[in-house]
Amino acid sequence: MSEILLQIDGKEVKATEGMTILDAAKSAGIHIPTLCHHEKLEPYGGCRLCTVEIETRGRSRLVAGCLFPVQADLIVRTRTEEVDKLRKTIIELLMAHAPDSFELLALAEEYGADRNRFEKESSFCLLCGLCVRYCNEVKKKSAITFVDCGAERQINFIPEIAAQECWNCKECFPLCPTSYLQAAYFLTEALAFPRAKEVPAK
Amino acid sequence: MPRINSPAELEDLRKGILSHKAPDKPCIAICAGTNCLALGNQEVIRAFKEELKKQSLEDKVDIRATGCHGLCERGPNVLIYPQEVYYIEVSPEDVPEIIAETVLGKKVIDRLLYTDPDTGEKAVHQSDIPFYKKQTRMIINTNTMIDPKRIDDFLAIGGYSALSKALFEMTPEAVLDEIKKANLRGRGGGGFPAGLKWETARNAPGDQKYVIINGHEGEPGAFMDRAIFTGNPHNVLEGFIIGAYAIGASQGFIYTRHDMPQLKENIYTALAQAEEYGLLGDNILGSGFNFHIEVHFDVGIFVSGESSALMRSIEGKNPEPRPKYIRTSVSGIWDKPSNLNNVETWANVPQIINKGHEWYTSIGTERSKGTKLVSVSGHVNNTAVVEVPMGTTLREIVFDICGGLPNGKKLKAVHFGGAMGGSIPENLLDTPLDFDALSGLGATMGAGGMLVLDEDTSMVEMTRTLLDFLSKESCGKCVPCREGVRQMLKVYNRLCEGKGKPGDIELLEDLCDVSKKASLCSLGRTAYSPVASTLRFFREEYEEKIVQ
Ligand SMILES: Cc1cc2nc3c(=O)[nH]c(=O)nc-3n(C[C@H](O)[C@H](O)[C@H](O)COP(=O)(O)O)c2cc1C
Ligand code: SF4
Ligand code: FES
Ligand code: FES
């Protein structure tokens, strides 16, 4: 595998082909914040918190670090004023939905985000898709899906599958950056398969 | 009908078709486009058929149900060949008179003619009507000459001669070169050079390559793609097959609206006929080139017209855009090189191959060549599909061609390019139709939807409507777009209720910034355009709505 040399925040970093900027930064001990990224899952690019500035052939632009493949002579800046400001706004936008998420609170502290900047619409779900993708990609069960598009987007358990699969799995619970997932699950359970818990293991 | 196996056989067939067509034989071409359909053209067509039957004239007079003529507002429109007398707003009651007086008696019926509102003059021929006279119709002009369900009509006007030329007289490289030199820029949004995109797909590694027609046309206020595709599907297919040959693709996809029965029907009919004639499928025209086409229907959401989302949709997945750090021309459908172009882009190809790049580049501006179809709607006398050379000013389109605004109202702005486009104020109306000139004003060409707005329009409310659309029609995957637009919309709702707060404009500017810079796809990245352009040119309307 060919080795690639790039520069992240002024530091020479060695990477291999197929790595993303996020992978390369991680290997060099440089932290890029993420919310929708998970090692076991396909890169997704939903939260855009990992936005960084790159420079190629003298031209700079902003890209998602969790998706952008490394290339030779790439110059990456992970903490410019512009990048920080974008991250701050992204955090603020998410805090309108989940003002008490620990993960968001920690990020807000780091980026000076104001949890009350936007009008609250406490849906609690950040739509990072970690649960949906974990269930689909790792467990291959697809008990949770996205429904609707645009601003209406939500996650939903599919009761028929959830009743069969979820009661002894729940591996998605700790992935959720808010407490919404558990709530959504127990609501689905209460409404759709209240006695499922008593089903004995096969 | 036997297959055509060589260019010579194609020409023979064409001659045969023409020899059966007496040039003087009267033909009644009735618009069967979408807008005329809504205005009752079905009854008019039926009345013509019945009347001809009643008078036993079926063999002496041809009837043609055609695609959109352009002057949609005044439909149902009827064009009578060979004199080219043009009647507007025709009703079934007018039919016996038209046959007796005009078709048989060669006389003109005054009351059915177009009257110029300024001069009071009547226009007898299609070409006398200012609306048609002031356009350069190189693509849409064929609509009145053919019945989209009859391939013979298309062959009669020289159809598929460009394909024959490309396959037998040109190498794929030569075709590519011609398109590059013609500087054909994509008509679906970004104005990206088609030749370069074709070349990238052609040169991308891998034997299996795909080509796609983007016929989604989800842009609000845009209806020219369906006017072309419904009215003359073979023109689009011909360009498509030529493109496939140049790129080296043996498989093509048409991605189009699920909710337009007429469009669907005409596409299916055209595909079946082209295949039967050997213009599509294996060994096209005996050239050894194979090309197959599959039709896919959209899932009814605006973002599915975005290239990577569209390709996902063809794969059978959710139409969620994916980041284009690797271009779709290199890795598209099932990760194979996939070249996507808009309907109008493909429709331009046959004429470039037939007439050459020098002819093509003589039309238009320095960097935008050829003609552009624009669908004009809003506060305008003639809601219409217009085709003009690039470089025509917006003022000419609104006033000279589309007859200005109704009720003596003044024009405030035109909004160009749909929900991700921008508004151009009256004082800049002399801006030419040109990819770069428009984007310089923060208003992209988009697909070519032009909305005329009169003096009573609230630009803030207009922008609110567009954001509402975008907020519902995005995929909802990425935060800057989904949440950014949601919060912008909240500000707009406040402003429209008269509850604007100091700081709202700055908030909008911040939200524009984040969605523009950090969104995943072009929807989010350009959603700021209507906001930014109205803030730029109509800021005082915002300030008025903010309660201090
Ligand atoms: C949200 C969104 C919707 C789009 N919808 C359409 C569409 O309906 N038709 C179209 O031709 N292009 C549409 N586009 C542009 C396509 O992504 C693509 O650029 C275009 O089809 C390429 O063709 P062209 O190079 O011939 O213009 C859309 C883009 C975005 C971001
Ligand atoms: S910008 Fe909007 S439409 Fe595009 S990926 Fe993000 S949420 Fe989906
Ligand atoms: S971590 Fe990259 S977009 Fe979410
Ligand atoms: S639909 Fe008849 S003129 Fe456009």
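Just so it is clear: chains get the letters A, B, ... in the order the sequence lines come, proteins before strands, and each one is counted from 1.
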Check this for me: [X], atom [atom1], are more than 12 non-hydrogen atoms of other residues, nucleotides or ligands nearer than 6.0 Å?
| X | atom1 | answer |
| --- | --- | --- |
| B:Arg367 | CZ | no |
| A:Phe173 | CZ | yes |
| B:Lys197 | NZ | yes |
| A:Asp73 | CG | no |
| A:Lys120 | NZ | yes |
| B:Glu506 | CD | yes |
| A:Leu187 | CG | yes |
| B:Glu497 | CD | yes |

Review point. Where does B:Leu520 contact chain A at under 4.5 Å (heavy atoms): side chain, backbone, both or neither?
Key: both
**Study point:** Test item: B:Lys477 side-chain N/O and A:Tyr44 main-chain N/O as donor-acceptor pair under 3.5 Å
**Key:** yes
I need the minimum non-hydrogen distance between [X] and [Y], along with the two atoms involved.
| X | Y | answer |
| --- | --- | --- |
| A:Leu67 | B:Pro323 | CD1-CG, 3.3 Å |
| A:Leu93 | B:Gly484 | CD1-N, 4.0 Å |
| B:Pro480 | A:Cys47 | CD-O, 4.3 Å |
| B:Ala518 | A:Ile90 | CB-CD1, 4.4 Å |

Check your understanding: Can we say B:Glu320 and A:Arg153 salt-bridge, meaning some charged N sits less than 4.0 Å from an Asp/Glu carboxylate O?
Key ->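 Yes.
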Practice item. Report the option among B:Asp513, B:Asp510, B:Ile301, B:Val303 that has the most heavy-atom pairs separated by less than 4.5 Å from atoms of chain A. Key: B:Asp510
Review point. Highest number of heavy-atom pairs under 4.5 Å with chain A: which of B:Ile326, B:Val485, B:Leu507?
Key: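 Ranked by heavy-atom pairs under 4.5 Å with chain A, first place is B:Leu507.
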Atom group of [X] that falls short of 4.5 Å from chain B, counting heavy atoms:
| X | answer |
| --- | --- |
| A:Val83 | neither |
| A:Pro69 | side chain |
| A:Leu126 | backbone |

Exercise for review: Could you please spell out the steps behind the side chain to side chain contact (heavy atoms under 4.5 Å, CB included) verdict for A:Glu119 and B:Arg494?
Suggested key: CA-CA 12 Å; A:Glu119 198 182 304; B:Arg494 242 186 2 244; 4.1 Å; yes
**Study point:** For chain B, the option from A:Arg117, A:Glu121, A:Arg61, A:Lys85 that forms the most heavy-atom pairs under 4.5 Å
**Key:** A:Glu121
Check your understanding: Given A:Leu127 and B:Val479, is the side chain to side chain contact (heavy atoms under 4.5 Å, CB included) satisfied, shown in steps?
Key -> CA-CA 8 Å; A:Leu127 298 168; B:Val479 177; over 6 Å; no
Could you give the distance from [atom1] ([X]) to [atom2] ([Y]), rounded to the nearest 0.5 Å?
| X | Y | atom1 | atom2 | answer |
| --- | --- | --- | --- | --- |
| B:Tyr325 | A:Ile21 | OH | CD1 | 8.0 Å |
| B:Cys475 | A:Asp148 | SG | CG | 12.5 Å |
| A:Glu152 | B:Arg486 | CD | CZ | 8.0 Å |
| B:Lys517 | A:Thr89 | NZ | OG1 | 10.0 Å |
| A:Cys149 | B:Lys472 | SG | NZ | 12.5 Å |
| B:Arg482 | A:His97 | CZ | NE2 | 6.5 Å |

**Study point:** Side chains of A:Phe118 and B:Leu511 in contact at under 4.5 Å (non-hydrogen atoms)
**Key:** yes
